[in-house]
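Report on one structure; see the data block that follows.
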Amino acid sequence: MDLALLRTFVVVHRAGSFTRAASLLGLSQPAVTSQIRTLERQLGRPLFLRQARGVTPTTIGDELAHKAAPHLDALVEIAETGLRSDSSLRTLHLAGPPEFTAERALPALTGLTGKDGRAFALRASFGNAEKTLEGLAAGHHDLAIGTARPRGPLLTSTPLCDEEHVLVTTPHWAERAGVEKLRDTDASALDHVPVVEVHESLPFVARYWASVFDARPAAPATVVAPDLRAVLACAIAGGGLAVLPRYLCAEALERGDVVALHDPAVPPLRTYFLVARTGTLAMPHIARAHEGLLRAATKWS
């Protein structure tokens with residue numbers, strides 16, 4: 001059996017689509033379709049059911065993928081590492097949201113880049129959940145961190161940590177609004193407090209209002225900056241209220257630069273996932289980074 005056909009089959013099985021598999025393999029869609037048909041003729045059994053959107057593996061297709069994929073992944077690892085000198089470093093490409101990646105993930109991984117015989121070089125890129133998952137699927141990244149859990153067999157995800165969100169503003173704005181601590185049932189005292197956000201749609205504030213107050217925020221964004229670190233800086237400067245991850249604003253709260261306007265019994269949370277392409281965790285440098293992030297996440301609060 002032709003290994004090239006098996007490799008194409010495994011990529012289609014993981015991608016769930018001839019079109020996406022073609023992009024990952026650098027082939028045309030007709031070429032991928034032709035290879036799958038050739039393999040199906042050789043086996044005498046259909047491997048996929050064609051649907052309007054993508055393909056679904058048959059029982060035989062799932063069985064073949066289960067048997068073949070681990071061996072093909074091992075061959076890819078041998079091919080990628082066999083010609084490398086012992087002194088050369090593998091490069092890990094990590095993608096994720098700018099704030100979390102910069103404040104959490106990169107410091108955790110930097111300690112693994114030393115020359116200890118198992119080290120790797122590190123390259124990072126920033127983007128939203130959709131872009132990072134697309135880049136990961138296309139092979140541009142080795143690991144991705146995001147708040148969206150991918151579907152399908154192409155990508156595998158592991159919960160990394162939960163991020164608590166805090167409603168903050170300066171003492172001046174809290175006093176001006178006449179608020180020391182809000183009740184869960186009423187946020188009307190903040191209707192005239194300006195809002196600092198990462199987007200015009202108020203993703204953080206609107207999610208907080210819906211979760212805690214069962215309402216929508218009344219005030220539009222006065223300052224919009226697409227980075228939570230900039231949102232924090234603007235809030236400290238008096239820009240208004242903001243909803244921020246606790247890890248990002250903890251020091252500002254301790255200094256008194258901002259105050260928490262609310263202390264709900266169950267604070268709003270957002271879950272981060274650590275995502276890799278299926279099969280790539282067999283590669284030592286990716287496995288070590290994956291393990292390092294999961295270990296570091298146990299200490300994040």
Side-chain angles (χ1 to χ4, degrees), residues 1-82 92-93 95 129-160 271-291 293-294:
M1 189 178 294
D2 190 335
L3 288 179
L5 298 182
L6 274 179
R7 177 170 178 262
T8 298
F9 160 75
V10 168
V11 173
V12 172
H13 185 272
R14 289 171 171 169
S17 161
F18 285 174
T19 302
R20 177 174 285 184
S23 176
L24 293 171
L25 291 165
L27 301 173
S28 67
Q29 183 175 333
V32 170
T33 302
S34 175
Q35 290 188 24
I36 295 301
R37 286 176 177 168
T38 299
L39 186 58
E40 288 177 327
R41 284 196 301 269
Q42 291 179 1
L43 295 172
R45 305 288 291 275
L47 297 172
F48 296 103
L49 299 176
R50 279 69 167 175
Q51 298 178 333
R53 307 181 90 178
V55 293
T56 301
T58 62
T59 302
I60 297 298
D62 273 335
E63 183 179 351
L64 178 61
H66 179 73
K67 291 179 177 178
H71 301 290
L72 287 170
D73 291 337
L75 288 173
V76 170
E77 169 65 4
I78 291 171
E80 291 189 353
T81 61
L92 180 89
H93 295 271
E130 182 179 358
K131 286 186 176 181
T132 55
L133 290 181
E134 287 178 356
L136 180 65
H140 301 315
H141 317 306
D142 299 311
L143 290 174
I145 298 171
T147 55
R149 189 165 203 166
R151 297 180 178 179
L154 178 63
L155 302 176
T156 180
S157 63
T158 306
L160 183 61
T271 300
Y272 280 98
F273 298 94
L274 183 56
V275 190
R277 288 188 306 284
T278 301
T280 59
L281 289 178
M283 300 181 182
H285 69 300
I286 299 179
R288 190 180 185 205
H290 189 274
E291 179 185 352
L293 285 172
L294 292 178

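Quick caveat, the model's predicted, so the values are computed rather than measured.
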Do [X] and [Y] make a side-chain contact, defined as non-hydrogen atoms from C-beta onward lying under 4.5 Å apart?
| X | Y | result |
| --- | --- | --- |
| Gln35 | Val12 | no |
| Asp142 | Met283 | no |
| Gln42 | Leu5 | yes |

For this session: Test side chain to side chain contact (heavy atoms under 4.5 Å, CB included) on Arg20 and Leu154 and set out the steps.
Result: CA-CA 10 Å; Arg20 177 174 285 184; Leu154 178 63; 3.7 Å; yes
Nearest heavy-atom neighbours spanning [X] and [Y]:
| X | Y | answer |
| --- | --- | --- |
| Asp62 | Pro57 | OD1-CG, 3.3 Å |
| Ala148 | Leu133 | O-CD1, 4.0 Å |
| Ala287 | Leu281 | CB-O, 3.2 Å |
| Leu294 | Pro159 | CD2-O, 4.0 Å |
| Leu25 | Arg7 | CD2-NH1, 3.4 Å |
| Ala95 | Thr132 | CB-CG2, 3.8 Å |

Any side-chain to backbone donor/acceptor pair from [X] onto [Y]? Under 3.5 Å, distance only.
| X | Y | result |
| --- | --- | --- |
| Arg149 | Val275 | no |
| Thr58 | Pro46 | yes |
| Arg14 | Thr278 | yes |
| Arg53 | Gln51 | no |
| Glu40 | Leu47 | yes |
| Ser34 | Pro30 | no |
| Ser23 | Thr19 | no |

Exercise. Taking the six-membered ring for Trp, are Phe48 and Phe18 parallel (under 30°), tilted (30 to 60°) or perpendicular (over 60°)?
Worked result: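 Ring orientation, 0 to 90° scale: perpendicular.
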Straight-line distance of [X] [atom1] to [Y] [atom2], nearest 0.5 Å:
| X | Y | atom1 | atom2 | answer |
| --- | --- | --- | --- | --- |
| Leu39 | Thr8 | CG | OG1 | 9.0 Å |
| Arg288 | Leu92 | CZ | CG | 11.0 Å |
| Phe273 | Ile145 | CZ | CD1 | 12.5 Å |
| Glu63 | Lys67 | CD | NZ | 4.0 Å |
| Asp2 | Thr38 | CG | OG1 | 9.0 Å |
| Ile286 | Thr280 | CD1 | OG1 | 4.5 Å |

